[in-house]
Amino acid sequence: MCGIAGFVALPNRGKSGYAPSVLQSIEHRGPDDRGWLRSTGTKVERGREWNQPGREPEVLLLHRRLSIIDTSESGWQPMSTADERYHVVYNGEIYNYVEIRRELEGLGYRFRSSSDTEVLLNAFAEWGTEALRRFVGMFAFAVLDTYRRTLLLARDFFGIKPLFYWEENGCIFFGSEIKSLTAFGLSRPHANTERLLLYLRYGITDFGSETMLSEVQQIPAAHFMEISLDDCIVHEPQQYWSAESGEVLDISFDEAALKVRDLFLRNVEIHLRSDVPVGLALSGGLDSSSILMGIRHLDPKAELHAFSYISEDVALSEEKWVDIVVREAKAHVHKVRATAGELAHDLDLMVQLHDEPFGSTSAYAQFRVFRAAHEAGIKVMLDGQGADELLGGYDLYKGARLASLVRQGHWLQGAGFLRNLSRKDGIGANLSIAYCGDFLLPPSMQSFARYLIDKDAYPSWINQRWFADRGVSVQFGNYTRARNVLRASLERSVSKTLPSLLRYEDRNSMASSVESRVPFLTPDLARFLGKLPESYLIDAEGTSKSVFRKAMRGIVPDVLLDRRDKVGFATPEKRWMKQLDGWVRSTLEGEVAASLPFLNLDSARSEFEAVREGRRPFGFHIWRWVNLIRWTEKMQVTYE
């Protein structure tokens, strides 16, 4: 796990003098080592300590190293092939590097290190971009091909690892974080108006190629992009893999569960490959508990360290479940607690680390978990991220399953499903129907429906006219024409919702120089789950993750598998905002807030007062106002 940055430039357009600042900006991603490589077209130089070149290179590659696999000198980057044709800077891990290395050795390749970086580089030399489909892992890398005179940027299947770029004045700058781009001394960034509205209204930020800044693009998940050194032209990113499932498998429920069990345990096994200590982020829910118990199943003697955020709000605390699973796994548990005051103290640091606004204060709890892991000497953490989006873990997906039954004409099954949800699940008939309608009602009808339930697209605190003048309006995103609504909803979540959660995971872990791994997110497991009948994911009783619960019987304690409540990774945000009301008020009354054209500030202040006094229910939009104000100030964002 590392940080990468660099540029491709037309003659005399580069900014290599900023290299030390860029390397400093991402030091947290790789404090163990650093390196640079520059190419003039006729000469390639590399080193650790920066020395200013006589003339601007046409390619500059920068790297910060967090040593995980092969921590010796031989794993240093930038790394080159023996013939000096290919050069790479790489961020991530290829978990099946052992198997790919054996294959390459059979083809005659010889290795100078035991690192996965060298495996990636030689795989690319042998198979080109076809190598991407062979990898099981998380990665973002840049490969310079001195023969073809191209630079290729590539990103993993789900977008676990970030890769941004910015075109300006004959240069293409790229990096692991937006701050690594701005450290090149680029122009002041402008807000992406469409993304701004999506964040304000729904907290969505990270999907696709766009970002919250109009100048900054990102390589989409499962894509690669080639840049020609001769003309510095960016070619359209090409997709090399898709999570879309296609046909439904003809397989029994028990057979599916056995296959899921095999795939999941294999994932856990290869995600444990490391030359440094490995720990686990344990929420107490099914997903992280399954990883912990999976590790114990694979290695009865392993020393296990779990790190758990414990909410001060009893209704949100999963301490009871954490205690049950760590006792069963015989693991050491490190409990992390956080307060409103600590959030206020650390917020500006988090805004700086994330580069873009984040959806709620749960990101802060995660930040503290990884900080605790670092303080305990743990360098690699496993996490259950992605399981909900693959297995239908949120209440919203139960509405999608109901919508499938309705659209397919299974009215009796739908009525029984709704009855079971109301009786056993606690979700309630009205909310289930509302979720179902969100998928079935065309956008033309949703505006009125949302008005009736007080979910208007444009609350009074949004300056609708400002967005309309820029051609931007709210789009209702859950409607689908698909016959299998649940499957369509899950596929959409993987591409649209999951990226934000993965961004929080990456920035929060790397802020403490910790590599976070997500064993649920592999192509094989995602593809298999996507081909299962919807009823295997959410059964007739409304039980979510049904096939996975079956797969984990005998490994995870039954009391955890039989849980029907879902707390999620939640902080007492309502309580925190009330405790920090003076801080929130001062933020809303400051000069930066007054300068934001998209916010009807008087309405926002009135709304916050109504929430404080109990006249209005708490909403996460209050947090988003505060986050946007702080982000605008820290990033020096402009809106015109």
Side-chain angles (χ1 to χ4, degrees), residues 90-101 103 116 119-120 123-124 126-141 153-163 207-208 219-225 237-249 251 256 258-273 287 290-291 294 382-393 487-488 490-499 501-502 505-506 516-532 536-537 545 547-548 551:
Y90 156 54
N91 169 28
E93 298 292 352
I94 306 298
Y95 303 118
N96 64 335
Y97 75 99
V98 175
E99 292 77 10
I100 296 176
R101 175 173 174 146
E103 187 175 359
D116 61 324
V119 172
L120 182 154
F124 189 85
E126 177 65 24
W127 299 302
T129 55
E130 290 298 314
L132 294 167
R133 297 185 181 90
R134 295 172 178 260
F135 298 148
V136 177
M138 54 182 185
F139 52 83
F141 61 82
L153 303 177
R155 196 169 176 207
D156 66 65
F157 306 92
F158 300 94
I160 303 168
K161 292 293 101 187
L163 189 52
F207 64 92
I219 307 297
H223 281 69
F224 65 85
M225 184 178 79
Q238 298 182 51
Q239 187 171 14
Y240 63 85
W241 181 82
S242 172
E244 293 182 4
S245 50
E247 78 281 2
V248 177
L249 291 175
I251 186 174
L258 285 174
K259 180 67 173 177
V260 169
R261 180 183 176 119
D262 289 343
L263 287 171
F264 176 71
L265 289 177
R266 171 60 177 161
N267 281 359
V268 172
E269 183 179 34
I270 64 174
H271 278 70
L272 291 171
R273 289 175 171 173
D287 310 327
S290 295
I291 296 173
L382 271 59
D383 190 281
Q385 200 71 265
D388 287 314
E389 290 76 14
L390 295 179
L391 288 157
R487 181 186 294 188
L490 294 174
E491 289 174 354
R492 180 183 181 277
S493 292
V494 168
S495 63
K496 295 287 182 71
T497 307
L498 182 60
L501 301 178
L502 293 174
E505 184 99 13
D506 174 80
S516 183
R517 301 177 174 182
V518 283
F520 282 95
L521 293 179
T522 63
D524 286 348
L525 182 58
R527 271 288 177 84
F528 182 75
L529 292 173
K531 292 180 179 180
L532 294 180
Y536 288 12
L537 303 181
K545 305 180 182 177
V547 71
F548 187 67

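Since we're looking at a predicted model, the values are computed, not measured.
A donor-acceptor pair under 3.5 Å is formed between the side chain of Asn96 and the backbone N or O of Arg134. Distance alone, capped at 3.5 Å, places no donor-acceptor pair between the His271 side chain and the Glu269 backbone.
When every heavy atom of Ala526 is checked against every heavy atom of Leu390, the shortest pair comes out as CB-CD2, 3.9 Å. Across all non-hydrogen atoms, the minimal contact from Arg261 to Ala551 is NH1-O, 3.3 Å. Nearest heavy-atom pair, Glu93 versus Tyr95, reported as atom, atom and distance to 0.1 Å: CB-CE2, 3.6 Å. Closest heavy-atom contact between Gly159 and Ala221: N-CB, 3.3 Å. Closest heavy-atom contact between Arg155 and Tyr240: O-OH, 2.6 Å. Closest of all the heavy-atom pairs between Ser495 and Pro499 is O-CG, 3.4 Å.
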Evaluate the side-chain hydrogen bond (donor to acceptor under 3.5 Å, both in side chains) criterion for residues Asn267 and Thr522: first the C-alpha distance (whole Å), next the side-chain angles of each, then the deciding distance (0.1 Å), finally the verdict.
CA-CA 8 Å; Asn267 281 359; Thr522 63; 2.9 Å; yes
I'd like to know whether Tyr536 forms a side-chain contact (heavy atoms from CB on, under 4.5 Å) with Val260, so could you lay out the CA-CA distance, the side-chain angles of the two residues, the decisive distance to 0.1 Å, and finally the verdict.
CA-CA 11 Å; Tyr536 288 12; Val260 169; over 6 Å; no
May I have the step-by-step check of side-chain contact (heavy atoms from CB on, under 4.5 Å) for Leu490 and Leu529, ending in yes or no?
CA-CA 10 Å; Leu490 294 174; Leu529 292 173; over 6 Å; no
Trace of the side-chain contact (heavy atoms from CB on, under 4.5 Å) decision for Lys545 with Asp388:
CA-CA 8 Å; Lys545 305 180 182 177; Asp388 287 314; 2.7 Å; yes
Between Arg101 and Asp116, is a salt bridge (Lys or Arg N to Asp or Glu O under 4.0 Å) present by the stated rule, with each step listed?
CA-CA 9 Å; Arg101 175 173 174 146; Asp116 61 324; over 6 Å; no
Evaluate the criterion side-chain contact (heavy atoms from CB on, under 4.5 Å) for residue pair Val547 and Leu391; output intermediate values, then yes/no.
CA-CA 8 Å; Val547 71; Leu391 288 157; 4.3 Å; yes
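A 4.5 Å side-chain heavy-atom check between Pro162 and Asn91 finds at least one atom pair inside the cut-off. Counting heavy atoms from C-beta outward, Phe158 and Val494 have side chains that approach closer than 4.5 Å. For the pair Val136/Glu99, no side-chain contact is recorded, criterion being any heavy-atom separation below 4.5 Å from C-beta on. Side-chain atoms of Phe528 and Asp262, non-hydrogen and from C-beta on, never get closer than 4.5 Å to each other. For the pair Phe264/Ile291, a side-chain contact is recorded, criterion being any heavy-atom separation below 4.5 Å from C-beta on.
We find the NZ-CG distance between Lys259 and Asp524 to be 7.5 Å, quoted to the nearest 0.5 Å. Atoms CG and CG, from Leu382 and Leu272 in turn, are 5.5 Å apart once rounded to the nearest 0.5 Å. Taken from CG in Asp383 to CD in Glu505, the straight-line distance is 4.0 Å, to the nearest 0.5 Å. The structure places CG of Leu153 at 5.0 Å from CD1 of Ile219, a figure rounded to the nearest 0.5 Å. With rounding to the nearest 0.5 angstrom, the CD atom of Gln238 is 11.0 Å from the CE atom of Met225. Trp241 contributes atom CH2, which lies 10.0 Å from atom CG of Asp156 (distance to the nearest 0.5 angstrom).
Ring centroid separation for the pair Phe520 and Phe548 comes in under the 6.0 Å cut-off.
Between Phe139 and Phe141, the ring-plane angle classifies as tilted under the 30° and 60° cut-offs.
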